[in-house]
There are 2 protein chains.
Amino acid sequence: MGALEQALQAWRAVLGPGRVDIDAAVLARYAASTAARPVMPLAVLRVASHEEVAAVVRTAGEFDMPLYPLSTGRNWGYGDACPSSPGQVIVDLAGMNRIIDVDATLAYAVIEPGVTQAQLSGYLAQRQLPLWMDCTGAGPDTSLVGNILERGFGHSPYGDRFRHMAGMRAVLANGETLHTGFGHFANALTRHLYPYGVGPALDGLLTQSNLAIVTQLGLWLMPKAEAVSHMIASLPVHADVARAVDALRPLRLDGTLRSVVHIGNDLRVLSGGMVFPHALAPAGPPLPDAVRAELRARAGIGHWTISAAMYGRHAQVAEAQRAVRRALAHLPARLRFIDDRKLAIGARVARLARWSAGGRRLAEQVALGRSLLNMNRGVPDGRFLAGAYWRRRGGWPAGFPAHANPALDGCGMIWLAPVLPLRGADLLAVHALAAPAFAAHGFDLFETYSMINERALGGVLTICFDQGDAAETERAHRCYHVAFDALVAAGYVPYRTGPLAMRQLDKGDDSYWRTVARIKQALDPGGLFAPGRYDGS
Amino acid sequence: MGALEQALQAWRAVLGPGRVDIDAAVLARYAASTAARPVMPLAVLRVASHEEVAAVVRTAGEFDMPLYPLSTGRNWGYGDACPSSPGQVIVDLAGMNRIIDVDATLAYAVIEPGVTQAQLSGYLAQRQLPLWMDCTGAGPDTSLVGNILERGFGHSPYGDRFRHMAGMRAVLANGETLHTGFGHFANALTRHLYPYGVGPALDGLLTQSNLAIVTQLGLWLMPKAEAVSHMIASLPVHADVARAVDALRPLRLDGTLRSVVHIGNDLRVLSGGMVFPHALAPAGPPLPDAVRAELRARAGIGHWTISAAMYGRHAQVAEAQRAVRRALAHLPARLRFIDDRKLAIGARVARLARWSAGGRRLAEQVALGRSLLNMNRGVPDGRFLAGAYWRRRGGWPAGFPAHANPALDGCGMIWLAPVLPLRGADLLAVHALAAPAFAAHGFDLFETYSMINERALGGVLTICFDQGDAAETERAHRCYHVAFDALVAAGYVPYRTGPLAMRQLDKGDDSYWRTVARIKQALDPGGLFAPGRYDGS
């Protein structure tokens with residue numbers, strides 16, 4: 001009996017046979033990837049508790065079987081549920097989905113990795129707690145913990161998610177339990193209130209890494225605000241986006257705009273409502289400029305759309321609106337503020353005019369506005385995944401966007417996420433580097449730039465391709481690598497990546513990656529956890 | 001020739017003889033400690049550059065000589081300049097005091113460890129840059145980098161200092177250079193703008209640790225605000241502090257109060273203007289209740305003073321003031337807001353009435369108000385160190401507070417810094433644990449509680465003692481350990497400590513400290529850096 005067989009036997013003894021899966025169809029589902037680079041796991045273990053994780057890890061160590069932990073496996077565009085290399089056993093934590101505690105006074109939740117955006121959002125709503133969570137556009141079924149461990153960002157004042165948590169519990173490769181922060185002191189009252197504890201702060205080590213399996217953490221929640229207003233500014237002229245960035249930067253820096261400001265190009269907005277229009281562009285992507293202009297005109301949008309939410313008491317929100325108006329006054333921008341009252345009026349008008357094209361368009365705009373305001377308040381929505389389907393054969397699946405799963409739906413999509421200084425000139429520079437690469441490889445360039453903190457833009461460039469077309473898939477990968485290298489060479493390094501480019505991050509002779517490798521060797525000498533994942537190897 | 005001699009010879013070759021010091025008087029200055037537990041170094045090396053640090057480290061490795069790095073060695077109350085154990089060679093980085101860069105657009109500075117609060121503050125003022133730094137009360141001559149590496153906190157919206165920096169450069173025990181964040185990518189444009197980089201985030205590892213010598217980092221600065229208003233609330237009734245904390249918590253949580261709110265007891269305020277009054281309390285400390293009450297009445301203060309600054313545009317500050325007023329309306333609190341205009345009027349009145357006691361008191365209040373407002377804007381002041389001199393023989397030295405140095409001035413002072421949930425009941429609980437211990441050992445209890453983030457209070461309990469009195473010094477240490485253990489047992493763990501209690505942090509069989517030890521072993525197998533410092537040994 002080989003090592004895998006022996007390990008499976010031991011795992012079956014711990015988890016029961018039903019939670020140890022080697023069915024080829026099941027494994028293929030986990031291997032499915034929007035990058036069209038499926039990575040087959042050897043098996044899938046469905047664990048339900050911290051103790052089970054520890055037991056699974058000890059067995060893995062005994063039989064030298066590498067493990068790849070997943071929260072819910074919805075890491076779209078960055079590897080989805082795929083292990084970092086073949087030959088690994090997936091530890092699926094989706095079943096560990098308990099909301100252990102919600103503290104309404106101090107505004108935090110203690111959650112397990114399987115807790116999804118929809119689940120926590122629903123929990124807060126059901127109990128009418130005056131708390132909102134930060135929400136990403138990755139859909140209702142994604143894991144909050146998984147996203148934090150990837151250092152993802154959302155849209156609210158708590159959008160830098162890693163900065164809004166405290167106290168992890170994890171299983172180390174030797175099966176030990178590690179508490180970060182103050183959690184390793186018995187009775188510590190501040191384990192989820194103060195992130196650093198005393199002594200070296202280890203949380204950062206457990207993000208974008210392969211050093212432990214995190215089984216619980218404290219997630220900070222926002223107190224519900226008296227008022228929320230969603231700003232949407234549409235810029236008709238491409239180059240004006242730089243002026244807008246520079247005009248809004250002082251407001252982000254001085255705390256007037258406390259949430260993540262999101263800047264998307266026309267295709268990001270258009271792809272929310274349609275897939276690639278073959279009828280208008282029979283030669284395939286990229287869309288001809290004239291068609292793009294026509295689509296912008298029809299949708300009533302400009303080259304760029306800036307979107308941000310203001311939170312606070314009514315007077316605070318009004319003051320922030322005034323500041324935004326003043327900042328953008330010198331630009332040819334169409335500026336609107338959406339709130340609940342305006343949406344209610346819009347919905348009524350749309351109902352009255354539902355027989356007309358204008359009425360239908362208004363209804364669509366109201367629905368989008370509602371989704372945006374919901375997201376600001378931590379209510380997730382699958383509609384923001386629509387862009388992933390741009391080149392999918394057959395377009396949106398029936399029932400979309402409920403339970404949208406771009407990987408299982410066969411969408412071809414890769415995300416490239418460079419970080420930029422928060423300056424207009426840098427946005428234009430990144431655009432100027434990416435646009436020719438995308439055009440040369442025959443792809444539409446989807447761009448967003450988010451003010452993820454007060455000083456940096458998190459860019460997301462999306463390559464959408466048809467997974468059913470081998471040549472297009474091949475071109476997508478080439479495009480990705482070309483754009484990746486050009487951006488890194490120019491100083492715009494991605495904040496996150498999938499297995500496709502992880503090895504591109506280490507240019508060799510890099511003390512940072514050597515340090516990471518030494519720490520890996522110290523904490524996981526057998527290379528048990530996710531070999532190849534952010535470890536410079 | 002012994003190893004030390006050989007090492008010294010090699011260091012002299014690198015640094016020149018003038019920067020390698022083994023003079024007993026010099027070593028004694030470094031050994032001086034407010035805790036009255038001097039730790040003698042073997043030698044002091046004064047380095048001036050990153051390359052010199054690397055060379056010094058390589059030599060240390062060759063001759064197996066442990067190094068203790070200091071920024072400016074002003075870690076008052078937590079060990080001052082003392083190495084973590086005897087037998088170490090101090091690497092004094094005070095001479096590495098270059099301000100490498102200040103970026104006014106993106107609001108950050110790149111600084112070396114020797115850069116002091118006064119230096120950066122002066123640099124910004126001189127160049128009339130519209131930027132403010134966060135400032136602590138530890139005085140003008142303290143290091144910004146050193147304080148961040150201890151995870152200290154200041155008073156402004158950037159008061160959680162570790163959260164307001166990006167991109168460290170450090171020397172590892174093998175002499176290699178480590179860049180955290182994006183800094184290890186050549187040309188990375190965001191090394192000081194986005195803290196995490198890609199892959200495991202290592203910055204946390206380099207704080208409160210002994211894993212590397214940090215030689216540079218990017219410090220975020222605040223854009224100058226249109227308006228600053230300093231709130232001072234005086235609470236006449238002790239127990240009301242709990243109600244005030246609970247009333248202000250929602251404003252801290254919702255971002256109305258974005259800066260660190262500071263709550264001090266009567267002794268913290270009184271000790272700013274006097275030392276222990278032997279004439280009034282000839283039996284020595286603790287001060288009898290009646291004397292304390294009399295001193296409060298004379299100074300016109302209550303049991304507790306709450307102090308916080310509001311920043312923003314005039315309308316934003318006015319709205320924050322209204323919210324604070326509303327929050328405290330139900331409490332018997334005297335609430336004042338200080339700003340430049342009011343101070344100017346106060347100063348004029350005080351000048352007119354300078355012949356009267358009232359006029360002199362007003363002049364003192366104006367001076368204090370100015371110091372507070374200055375601190376809010378990043379202009380440091382030595383006066384907030386006055387409390388350290390409470391039990392010093394001879395009181396304040398001549399010229400105080402210019403270049404105040406409590407360690408060299410022979411002050412007896414130990415700080416105990418438990419972290420509490422941001423709840424009034426927890427403040428009272430900590431007080432109730434500490435007060436009997438202080439009283440039993442014959443000490444006045446100085447207390448401050450700072451809202452260091454939206455969910456936690458950072459407490460600082462000060463034991464002031466007379467270093468010239470051996471029995472009192474001995475009692476101070478006993479008091480410290482008793483209070484420390486009582487607080488930790490109740491779940492209030494300190495966020496920081498000095499050599500006095502570092503070993504008390506590891507209760508044994510603690511996976512956190514074992515993990516830290518494994519990382520230490522991986523990065524510094526020879527135990528070259530600061531053995532015993534936050535390493536669980």
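We use all heavy atoms of the structure for the numbers below, so side chains are in, but hydrogens, waters and symmetry mates are not. Labels below follow one simple rule: chain letters A, B, ... track the order of the sequence lines, proteins then strands, and each chain is numbered from 1.
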Inset, instruction - Sort A/Ala225 into side chain, backbone, both or neither according to what part of it lies under 4.5 angstrom from a heavy atom of chain B. - result: neither
Inset, instruction - For each of B/Ser511, B/Pro195, B/Ala522, tally heavy-atom pairs with chain A at distances under 4.5 Å, and name the one with the top tally. - result: B/Ser511
Inset, instruction - Pick one of side chain, backbone, both or neither for A/Ala489, based on which atoms fall under 4.5 Å of a heavy atom in chain B. - result: backbone
Legend entry - Which portion of A/Pro421 sits near chain B, non-hydrogen atoms under 4.5 angstrom: both
Inset, instruction - Please report the closest heavy-atom contact between A/Trp220 and B/Asn453, naming both atoms and the distance. - result: CH2-ND2, 3.9 Å
Legend entry - Atom group of A/Tyr495 that falls short of 4.5 Å from chain B, counting heavy atoms: both
Inset, instruction - Return the option, out of B/Arg163, B/Gln521, B/Lys224, with the maximum number of heavy-atom pairs under 4.5 Å with chain A. - result: B/Arg163
Legend entry - Among the listed options B/Pro223, B/Gly199, B/Ala315, B/Ala323, the residue most often paired with chain A at heavy-atom distances under 4.5 Å: B/Gly199
Inset, instruction - Name the region of B/Ala490, side chain, backbone, both or neither, that has any atom closer than 4.5 Å to a heavy atom of chain A. - result: backbone
Legend entry - Residue among B/Met222, B/His179, B/Arg423, B/Arg322 with most heavy-atom pairs under 4.5 Å to chain A: B/Arg423
Legend entry - Portion of A/Ile452 that has a non-hydrogen atom of chain B nearer than 4.5 angstrom: side chain
Legend entry - Contacting region of A/Leu221 [heavy-atom separation from chain B under 4.5 Å]: backbone
Legend entry - Which portion of A/Asp103 sits near chain B, non-hydrogen atoms under 4.5 angstrom: side chain
Legend entry - Residue among B/Phe185, B/Tyr108, B/Tyr196 with most heavy-atom pairs under 4.5 Å to chain A: B/Tyr196
Legend entry - A/Leu202 portion near chain B, given a 4.5 angstrom heavy-atom threshold: side chain
Inset, instruction - Identify which part of A/Asp535 has an atom lying under 4.5 Å from any heavy atom of chain B, answering side chain, backbone, both or neither. - result: neither
Inset, instruction - Check each atom of A/Thr207 against the heavy atoms of chain B and say whether the ones under 4.5 Å are side chain, backbone, both or neither. - result: both
Legend entry - Close side-chain approach of A/Asp160 and B/Tyr194, heavy atoms under 4.5 Å: no
Legend entry - Option that, when pairs with chain A are counted at under 4.5 Å, heavy atom only, ranks first among B/Arg191, B/Glu319, B/Arg313, B/Arg533: B/Arg313
Inset, instruction - Please examine the side chains of A/Leu422 and B/Leu106, heavy atoms only from C-beta on, and report whether any two atoms are closer than 4.5 Å. - result: yes
Inset, instruction - Any salt bridge (Lys or Arg N to Asp or Glu O under 4.0 Å) involving residues 170-179 of chain B? Give me the pairs, sequence neighbours left out, ordered by first then second residue. - result: A/Arg514-B/Glu176, A/Arg518-B/Glu176
Legend entry - Note, B/Thr515 side chain near A/Leu523 side chain (heavy atom, < 4.5 Å): yes
Legend entry - Part of A/Val493 within contact of chain B (heavy atom distance under 4.5 Å): both
Legend entry - Within-4.5 Å side-chain heavy-atom neighbours: A/Glu226 and B/Asp254: no
Legend entry - Pick from A/Leu211, A/Val198, A/Thr105 with the largest number of heavy-atom pairs that fall under 4.5 Å of chain B: A/Val198
Legend entry - Heavy-atom pair count under 4.5 Å with chain B, highest-scoring of A/Val516, A/Leu505, A/Asp203, A/Thr177: A/Leu505
Legend entry - Pairs meeting criterion salt bridge (Lys or Arg N to Asp or Glu O under 4.0 Å) with involvement of residues 488-498 of chain B, two or more places apart: B/Glu150-B/Arg496
Legend entry - A/Asp426 versus chain B, the contacting section by heavy-atom distance below 4.5 Å: side chain
Inset, instruction - Quick one: which of A/Asn210, A/Ile519, A/Leu193, A/Asn187 has the most heavy-atom pairs under 4.5 Å with chain B, could you say? - result: A/Leu193
Legend entry - Aromatic plane relationship, A/Trp513 with B/His184 - under 30° parallel, 30 to 60° tilted, over 60° perpendicular: perpendicular
Legend entry - Interface moiety of A/Asp510 toward chain B, non-hydrogen atoms closer than 4.5 Å: side chain
Inset, instruction - Flag the one option from A/Gly197, A/Ser209, A/Ala318, A/Ala456 with the top tally of heavy-atom pairs under 4.5 Å to chain B. - result: A/Gly197
